[in-house]
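Here's the structure, in structure tokens; my notes come after.
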Amino acid sequence: MAQIIDGKLRAAKIKEELKIRVQALSGKGVVPKLAVLLIGDNPASKTYVSSKAKTCEELGMFSEVHHLPENVREEIVIDLLKGLNADTNIFGLMVQLPVPKHLNERKLLDIISPHKDVDGLCTVTAGKLIVGGEKGFVPCTPQGIMDLILSTGIELKGKRAVVVGRSNIVGKPVAFLLLEQHATVTIAHSRTADLGAVCREADVLVVAVGVPRLITGEMVKPGAVVIDVGTTKIEGRLVGDVDFEGASKVAGFITPVPGGVGPMTIAMLMKNTVLAAEAHLTRK
Ligand code: NAP
């Protein structure tokens, strides 16, 4: 039976460590502040944004939420982002995704200054992740995933890693982070032939698809580390992309849904915002 990787516990530990760093920054007259743009009334987005604001408060940080209407004109959003880029009291700036269809998501993300891009999603930040060397902010969910994988004690060098899903938010960055740790990485997606055979090769299997219980126990290599990123709401309950019951009989380690990757995403957003404030102090 697999050991459960407790993301809630790990996230709580990270937040306790961050509290100390926030206190140290406050002592130097800098309180980390996160600005979040929420466009429209997507209920899930509203919930995520309010828990981000709540977590900032819990850690002694400031936050501000700019809630714009669903039909807002793109120029208004661009002007607001430019104003927040220039605001020296704000260290972290992010747009809650998804944005309404009439807005150009990539164009909006790329307005965010790389110094404030705590979600790690603008093109410059993503490019730095791929090129290596000088790092930008590591995107929150991939950063949380890596932390959970490494918490198992696995040595990634030379291991086979399979990432199912190739989004800019999760799949692609996590694949590059695994590569940086010298794993041999395969990225699978909706056109991958024989997904089961590909997954069974994985010492580390990261699944970020959004199809409930896509990965069954038969698709998991015995002893593998399985990270389930998927969250689909079914009858009010969050369901992952991995059939937990089947997979946990085969895997060595597995994340639950909820309580696995989800809590880590917010913890890493807070960590990046604290890093942004610390970097501001050293640039001063
Ligand atoms: P996304 O942008 O929709 O990407 C989904 C990926 O899955 C795509 O690359 C797609 O392939 C692939 N895919 C779809 N059906 C597939 C199939 N049958 N077999 C293999 N691959 C398939 O999603 P995302 O933003 O990466 O999010 C993925 C999941 O993670 C969602 O459930 C989301 O809610 C969850 N999530 C959770 C957190 C968290 O903090 N817990 C954070 C972010 C996302 P193609 O590219 O070929 O279309």
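The shown structure was predicted, so the numbers you read here are calculated from the model rather than taken from an experiment. Counting starts at 1 for both ligands and their atoms, following the listed order.
Under 4.0 Å from ligand 1, heavy atoms of Val209 appear from its side chain as well as its backbone. At a heavy-atom cutoff of 4.0 Å, ligand 1 is contacted by both the backbone and the side chain of Thr231.
Contact check on Glu58 versus Lys15 returns a salt bridge, with a Lys/Arg side-chain nitrogen under 4.0 Å from an Asp/Glu carboxylate oxygen. With respect to Glu180 and Lys135, a salt bridge is recorded, a charged nitrogen being found less than 4.0 Å from a carboxylate O. Between Arg237 and Glu235 there is no salt bridge, since none of the side-chain N atoms of the basic residue sits less than 4.0 Å from a carboxylate O of the acidic one. Ion pairing between a basic and an acidic side chain is recognised when a charged N comes within 4.0 Å of a carboxylate O; Glu74 and Lys107 show such pairing.
When only non-hydrogen protein atoms are considered, atom 8 (C) of ligand 1 lies nearest to Arg166 N, 4.0 Å. If you check which protein heavy atom lies closest to atom 48 (O) of ligand 1, you get Ser190 OG, 3.6 Å. Ranking protein heavy atoms by distance to atom 18 (N) of ligand 1, first place goes to Leu214 CD1, 3.9 Å. Annotation: atom 42 (C) of ligand 1 to nearest protein heavy atom, Thr141 OG1, 3.3 Å. Nearest protein neighbour of atom 31 (C) of ligand 1, counting heavy atoms only, is Gly210 CA, 3.8 Å. With hydrogens left out, the protein atom closest to atom 20 (C) of ligand 1 is His189 O, 3.2 Å, a heavy atom. Taking atom 44 (C) of ligand 1 as the reference point, the nearest protein heavy-atom neighbour is Val170 CG2, 3.9 Å. Closest to atom 30 (O) of ligand 1 among all protein heavy atoms lies Val229 O, 3.5 Å.
Ligand 1 has at least one atom lying under 4.0 Å from a heavy atom of Ala208. At least one heavy atom of Val164 sits closer than 4.0 Å to an atom of ligand 1.
Atom NE2 of His115 has 12 or fewer neighbouring heavy atoms from other residues, nucleotides or ligands inside a 6.0 Å radius. In this structure, Glu57 places its CD atom where only 12 or fewer heavy-atom neighbours from other residues, nucleotides or ligands lie under 6.0 Å away. Under a cut-off of 6.0 angstrom, the local environment of CZ in Arg10 is crowded, with over 12 non-hydrogen atoms contributed by other residues, nucleotides or ligands.
Taking a cut-off of under 4.0 Å to the non-hydrogen atoms of Gly165, the atoms of ligand 1 that pass are 6 (C), 7 (O), 9 (O).
Residues Ile90 and Glu64 are in side-chain contact: their nearest non-hydrogen atoms beyond the backbone lie under 4.5 Å apart. The side-chain heavy atoms of Thr186 and Val198, taken from C-beta on, include a pair separated by under 4.5 Å.
Checking atom 27 (O) of ligand 1 against the protein gives no heavy-atom contact under 4.0 Å.
Note: the hydrophobic cluster containing Ile14 also contains Leu150 (ILVMFWY, side chain heavy atoms under 4.5 Å, direct or indirect links).
Of the listed residues (Ser167, Gly262, Pro212), the one carrying the non-hydrogen atom nearest atom 2 (O) of ligand 1 is Ser167.
Checked against a 3.5 angstrom limit, the closest N/O atoms of Thr265 and ligand 1 fall inside it.
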